[in-house]
Amino acid sequence: MYICLFLGLGSLLILMSKKPIKDWIIIFFFKGYLSGFTDSILVAYGILSYPVRLMPDVFSISILFDLVIFPVSCIAYNQTSYRSKLLSCIVQAFLYSLPITLLEFWAERNSLLIQYHRWWTVFHSYFFLTVTFILIRGLIALIRKYSKEKISSSTP
């Protein structure tokens, strides 16, 4: 877990060095919030559990994945789809979700990092990741559009 934490934070530093940094910060925090909020609900209702996690006395969610790995991967996705058309963005979202989902599937089968309960499956995780990638990509596109309109309307 600590290796993943350091790799995630190292990747974050590298990804944050590209412009526009403001966009990457918004994406990082929004994806972290969305993942943490959703995961908290799933854990509270007993749909998922994380028997082994960082800071288990404080958090019931996996802060490593929800607040580091997923947000960093979302920044990478947004950087590679920065100038892509809608269909390309959707395809990339599915492609970015696949290795994370496969890693989660392996962890669910071979470790105590995550456990699925009730009706949750790896397909739900894959769908959730893909949808959140697309949702956040759409949100940042709206923010960019609004920023451009605001800048163009304020210049004389």
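What's counted below: heavy atoms across the whole structure, side chains too, no hydrogens, waters or symmetry copies.
- Side chain of S35 to backbone of G32: no donor-acceptor contact under 3.5 angstrom is found.
- Formation of a donor-acceptor pair under 3.5 Å by the Y33 side chain with backbone atoms of F28 is not found in this model.
- Within the 4.5 Å cutoff, the side chain of E108 has no heavy atoms near those of the V122 side chain.
- Linking ILVMFWY residues whenever their side-chain heavy atoms come closer than 4.5 Å, directly or via other members, leaves Y146 and L142 in distinct clusters.
- Taken from CG in L103 to CG in L113, the straight-line distance is 8.5 Å, to the nearest 0.5 Å.
- Counting heavy atoms from C-beta outward, I27 and W24 have side chains that approach closer than 4.5 Å.
- Using a 4.5 Å cut-off on side-chain heavy atoms (C-beta onward), F30 and P71 make no contact.
- With hydrogens and angles ignored, the 3.5 Å screen pairs a side-chain donor or acceptor of R118 with a backbone N or O of Y45.
- Heavy-atom minimum distance, I134 versus A93: CG1-CB, 3.6 Å.
- Looking at I75 and K18, their side chains never come closer than 4.5 Å, going by heavy atoms from C-beta outward.
- Counting only heavy atoms from C-beta outward, the side chains of H117 and L48 never approach each other to under 4.5 Å.
- A donor-acceptor pair under 3.5 Å is absent between the side-chain atoms of S88 and the main chain of S84, judged by distance alone.
- Between I63 and I61 there is a side-chain heavy-atom pair separated by less than 4.5 Å.
- Qualifying side chain to side chain donor-acceptor pair (under 3.5 Å) partners for S60, counting only residues two or more places apart in sequence or in other chains: none.
- A side-chain donor-acceptor contact under 3.5 Å links R53 to the backbone of Y50.
- Both tests hold for K31 against F133: distance to the six-membered ring centre under 6.0 Å, angle to the ring axis within 45°.
- The shortest side-chain heavy-atom distance between W120 and S125 falls under the 4.5 Å cut-off.
- Residues S40 and V43 are not in side-chain contact: their nearest non-hydrogen atoms beyond the backbone lie 4.5 Å or more apart.
- Residue pairs meeting the salt bridge (charged side-chain N to carboxylate O under 4.0 Å, His left out) criterion with at least one partner in residues 82-107, sequence neighbours excluded, do not occur; the list is empty.
- For Y96 (side chain) and N78 (main-chain N/O), no donor-acceptor pair under 3.5 Å exists by modelled atom type.
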